[in-house]
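Have a look at the structure below, then the notes.
The structure displayed is predicted, hence computed values, not measured ones. Order of the sequence lines sets the chain letters (A, B, ...), proteins ahead of strands, with each chain counted from 1.
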Number of protein chains: 2
Amino acid sequence: MKRTIVSLDYEKDTEELARYAKALSHPTRIKIIRYLAEQSVCFTGDLVEYLPLAQSTVSQHLKELRDAGLITGKVDPPKIEYCINKENWDNAGKLFSEFFALPVKNNKCSI
Amino acid sequence: MKRTIVSLDYEKDTEELARYAKALSHPTRIKIIRYLAEQSVCFTGDLVEYLPLAQSTVSQHLKELRDAGLITGKVDPPKIEYCINKENWDNAGKLFSEFFALPVKNNKCSI
DNA sequence: AATGTTTATCGCAAATAAACGATAATTATT
DNA sequence: AATAATTATCGTTTATTTGCGATAAACATT
């Protein structure tokens with residue numbers, strides 16, 4: 001894309017919130033998180049069975065969540081055990097709850 | 001992209017949450033929401049001044065937020081007055097808070 | 001040493017997103 | 001009717017995302 005020359009910089013909170021939102025911007029990834037919360041722990045294979053997607057695709061979605069810090073994987077050869085990263089999860093929850101707690105007037109653009 | 005033949009269907013809540021998350025997945029859009037909450041109401045032009053982006057780009061970000069239902073525009077020729085759509089905003093907030101309220105065990109994958 | 005199991009990564013194709021400038025649309029004012 | 005002001009939309013370019021199959025990597029078991 002035609003990018004602006006100067007790299008725009010945002011507040012740290014803004015960047016962080018957007019990053020978490022991006023990780024959650026695909027329904028499959030929401031499902032993965034819900035599944036992980038329910039199971040508390042699972043292997044990639046469990047998710048591949050659970051989701052109607054190719055193994056490589058599921059692995060990629062897991063990577064997105066990993067990169068955002070929302071989940072963690074522990075090697076248990078040859079499997080990988082995934083779970084929600086509680087610390088970052090709580091941090092994300094806090095950011096979103098603060099964001100939605102912004103005081104917003106009950107207007108419809110002064111209608 | 002090579003899409004799966006069968007269109008995947010997700011829970012309604014899952015789709016909705018992902019849609020909101022996607023709308024918030026860009027730092028500029030987070031900034032716009034914050035600005036709107038502060039100002040309560042503003043015109044496209046105000047945001048174009050506020051943001052270091054071209055008018056057409058700002059307009060596009062506004063469209064994303066509009067399409068997701070998070071903001072509403074009222075015509076006040078030749079300007080357009082934008083504000084946060086309180087009803088949908090509250091709905092989104094509820095969905096996120098429920099999502100992050102999922103019971104998650106404090107594990108690091110059984111480490 | 002060879003095999004099997006599981007998962008990540010690579011390489012590709014198609015779709016979508018992000019940015020821009022240019023143009024169209026809308027309405028008030030002249 | 002023409003002009004000015006404001007904003008949305010169009011067309012283009014480039015980057016990123018989503019999906020897949022194929023392959024590589026890691027380790028246990030045979």
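- Taking atom CD of Glu64(A) as the reference point, atom C1' of dT18(D) lies 9 Å away to the nearest angstrom.
- In this entry the distance linking CG of Leu24(B) with P of dA18(C) reads 12 Å, nearest Å.
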- Give the intermediate values and the outcome of side-chain contact (heavy atoms from CB on, under 4.5 Å) for residues Leu24(A) and Leu17(B). CA-CA 8 Å; Leu24(A) 298 174; Leu17(B) 192 54; over 6 Å; no
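- When rounded to the nearest whole Å, the span between CG of Leu51(B) and C1' of dA18(C) equals 14 Å.
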- Message: Within the 4.0 Å limit for protein heavy atoms, which parts of nucleotides 3-10 of chain C are touched? Write it as a string from 5' to 3', B for base, S for sugar-phosphate only, - for none.
- Response: --BBBBB-
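- Between the NZ atom of Lys74(A) and the P atom of dA26(D) there is a distance of 19 Å, rounded to whole Å.
- With salt bridges taken as basic N to acidic carboxylate O contacts below 4.0 Å, none links Asp90(B) and Lys94(B).
- In this entry the distance linking CG of Leu65(A) with C1' of dT18(D) reads 14 Å, nearest Å.
- Thr28(B) and Tyr10(A) form a side-chain donor-acceptor contact under 3.5 Å, judged by distance and modelled atom types alone.
- Taking only side-chain nitrogens and oxygens, Lys22(A) never comes nearer than 4.0 Å to OP1 or OP2 of dA17(C).
- Tyr20(B) has its ring centre no less than 6.0 Å from the ring centre of Phe96(B).
- One atom, NZ of Lys31(A), and another, P of dT18(D), lie 16 Å apart when rounded to the nearest Å.
- For His61(B) and dA19(C), the shortest distance from a side-chain N or O to OP1 or OP2 is below 4.0 Å.
- Remark: C1' of dA8(D) and CG of Asp67(B) are 12 Å apart, rounded to the nearest angstrom.
- The aromatic rings of Phe99(A) and Trp89(B) stand perpendicular to each other, their planes meeting at an angle above 60°, with 30° marking the opposite boundary.
- Between the CG atom of Leu47(B) and the P atom of dA19(C) there is a distance of 15 Å, given to the nearest Å.
- No salt bridge links Arg34(B) with Glu38(B); every basic N to acidic carboxylate O contact stays at or beyond 4.0 Å.
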